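Beneath this line is the structure, given in structure tokens, with notes to follow.
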Protein chains: 2
Amino acid sequence: MLPNPYDHIPSSALRPISGAVGDTVFHQGDPTHGLYVVQTGRVHLERVDPDGERFIIHRAQAGTSFAEASVFSEVYHCDAVIVEAGALIRIDKASVLAAFADPAFARAYGRQAAQQIQAQRQMLEIVGIRRAEDRVMAGLIAGLLEGSIVEFAARLQLSHEAIYRALRKFVQDGRVMNPSRGIYHLHP
Amino acid sequence: MLPNPYDHIPSSALRPISGAVGDTVFHQGDPTHGLYVVQTGRVHLERVDPDGERFIIHRAQAGTSFAEASVFSEVYHCDAVIVEAGALIRIDKASVLAAFADPAFARAYGRQAAQQIQAQRQMLEIVGIRRAEDRVMAGLIAGLLEGSIVEFAARLQLSHEAIYRALRKFVQDGRVMNPSRGIYHLHP
DNA sequence: ATCGTAATATGATTTCAATCATATGTTGCC
DNA sequence: GGCAACATATGATTGAAATCATATTACGAT
């Protein structure tokens with residue numbers, strides 16, 4: 001996220017929003033306003049099915065944006081619900097569209113989008129690997145083991161126990177080094 | 001993909017490529033050339049780990065593009081291998097970057113990217129659902145059951161047997177209609 | 001028409017990851 | 001220093017989905 005595309009948008013177009021847990025930033029079917037950048041807190045995008053059952057489309061973390069697609073469409077079929085209090089910035093739809101006339105914004109946006117797409121593709125391939133061991137190895141190769149094993153497990157959508165077992169196996173097989181408790185990395 | 005961003009690129013910048021199964025379009029670490037559009041056939045993007053084991057980062061289908069991120073970086077850490085013979089188009093890196101000066105291209109690219117990101121996010125949430133029944137229901141709600149059950153199963157990363165069982169359950173519970181063999185849809 | 005292939009559909013069995021249980025190590029805090 | 005909360009780590013059990021097996025049906029090619 002080095003060259004943040006939103007640096008190229010005039011600050012007059014940025015609308016700060018603060019919200020409490022449970023607040024709905026926008027509703028499914030609302031005429032859309034623009035895109036949102038999460039500065040702090042967490043937001044879930046949820047879709048409500050005909051039976052009233054709701055399921056989560058996306059979990060937006062601090063430092064990420066959401067509802068980008070709404071800039072290009074009349075309606076957006078999600079509720080955005082604040083699940084951890086924080087601060088958001090809303091950028092007007094028209095302002096985003098106007099910003100595309102600035103090649104610097106356009107390229108920054110394109111770069112960010114392309115990287116995100118690539119990262120997501122990789123995640124889809126990785127979580128599609130059935131065997132826990134293979135998935136963990138793919139995660140290691142992809143450099144996803146940053147931070148704790150618990151976070152790594154969440155990223156890979158495996159239980160942390162499954163991660164420990166796979167790592168132990170790799171260490172026994174000499175494929176992974178475990179220089180100290182909680183530290184694992186691939187043999188060079 | 002209605003307004004295809006690549007319609008805005010001068011045809012002089014489009015380089016047709018044809019390849020046979022097993023051909024490598026580009027190698028990991030090659031200086032990058034641009035992005036590729038798959039017209040027919042299929043291409044895999046693979047990464048080779050230190051042990052020589054290769055794992056698939058992405059499967060590019062006909063009608064999709066790949067290596068978009070390479071436009072913004074010096075190197076791209078994948079091999080692109082043709083797994084089904086077909087025709088590709090390569091668009092020069094410089095041509096893509098230049099095209100961002102055209103607001104029509106920039107917006108079309110932004111729209112396409114935003115939609116793709118949204119779709120991928122949704123897929124990540126869906127394949128993250130553990131229970132087969134819940135995953136199938138989420139897939140139905142998301143409108144992913146287009147075409148055959150086998151394709152649906154592949155999209156959801158479940159065995160087709162698991163799909164049939166879940167669908168049968170839903171039909172028994174009256175949540176899904178099965179007007180004829182192979183046809184399933186949600187009750188309104 | 002019929003042959004072959006693939007999709008649809010279910011039942012039986014196996015596998016493997018989740019879950020449960022438990023212990024130790026680590027970190028921050030009053 | 002001692003306690004609480006959490007991460008690390010493994011073993012035992014369970015459960016759910018994959019796999020295997022087997023029909024039936026659809027569809028195109030010859």
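Computed from a predicted structure; not experimentally measured. In what follows, every chain begins at residue 1, and chains take the letters A, B, ... in the order their sequences are listed.
Nearest approach of A:H185 to A:I183, heavy atoms of both residues: CD2-CG2, 4.1 Å. For the pair A:I126 and A:A142, the tightest heavy-atom approach, listed with the atom from each and the gap, is CD1-CB, 3.7 Å. Smallest separation of non-hydrogen atoms from B:V75 and B:S73: O-OG, 2.9 Å.
Note that the two end axes of the helix from C:dA1-D:dT30 to C:dC30-D:dG1 enclose an angle of 40°, each drawn from 5 base pairs, rounded to 10 degrees.
Between A:F100 and A:Y109, the gap from one ring centroid to the other is short of 6.0 Å. The six-membered or imidazole ring of A:Y184 lies away from that of A:F170, with a centre-to-centre distance of 6.0 Å or more.
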Please list each protein N or O that sits under 3.5 Å from an N or O in nucleotides 15-19 of chain D, with the distance.
unit_1: D:dA17; atom_1: OP1; unit_2: B:A132; atom_2: N; d: 2.6
unit_1: D:dA18; atom_1: OP1; unit_2: B:S159; atom_2: N; d: 3.2
unit_1: D:dA18; atom_1: OP2; unit_2: B:S159; atom_2: N; d: 3.4
unit_1: D:dA18; atom_1: OP2; unit_2: B:S159; atom_2: OG; d: 2.7
unit_1: D:dT19; atom_1: O4; unit_2: B:R165; atom_2: NH2; d: 2.8

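To the nearest angstrom, C1' of C:dT10 lies 13 Å from CG of B:L167. Counting to the nearest Å, the P atom of C:dA17 and the CD1 atom of A:I129 are 12 Å from each other. Rounded to an integer number of Å, the gap from A:R181 CZ to D:dA7 P is 12 Å. Between B:N178 atom CG and C:dT10 atom P the separation is 8 Å, expressed in whole Å. The NZ-P distance, from A:K169 to C:dC16, rounds to 11 Å in whole Å.
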Which is it for A:E68 and B:R121 under the salt bridge (charged side-chain N to carboxylate O under 4.0 Å, His left out) test, yes or no, and what are the steps along the way?
CA-CA 12 Å; A:E68 295 92 340; B:R121 270 180 190 166; 3.5 Å; yes
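Regarding contacts with the backbone of D:dT8, a side-chain N or O of A:Y164 is found under 4.0 angstrom from either OP1 or OP2.
Across all strands, A:F152 comes closer than 4.0 Å to no nucleic acid atom at all (heavy-atom distances).
You'll find that the side chain of B:S148 is closest to C:dA7, out of C:dA7, D:dA7, D:dA9.
Taking a 6.0 Å sphere around CD of A:E74, one finds it holds 12 or fewer heavy atoms contributed by other residues, nucleotides or ligands.
Side-chain atoms of B:H58 and B:H44, non-hydrogen and from C-beta on, never get closer than 4.5 Å to each other.
Formation of a donor-acceptor pair under 3.5 Å by the B:R111 side chain with backbone atoms of A:F72 is found in this model.
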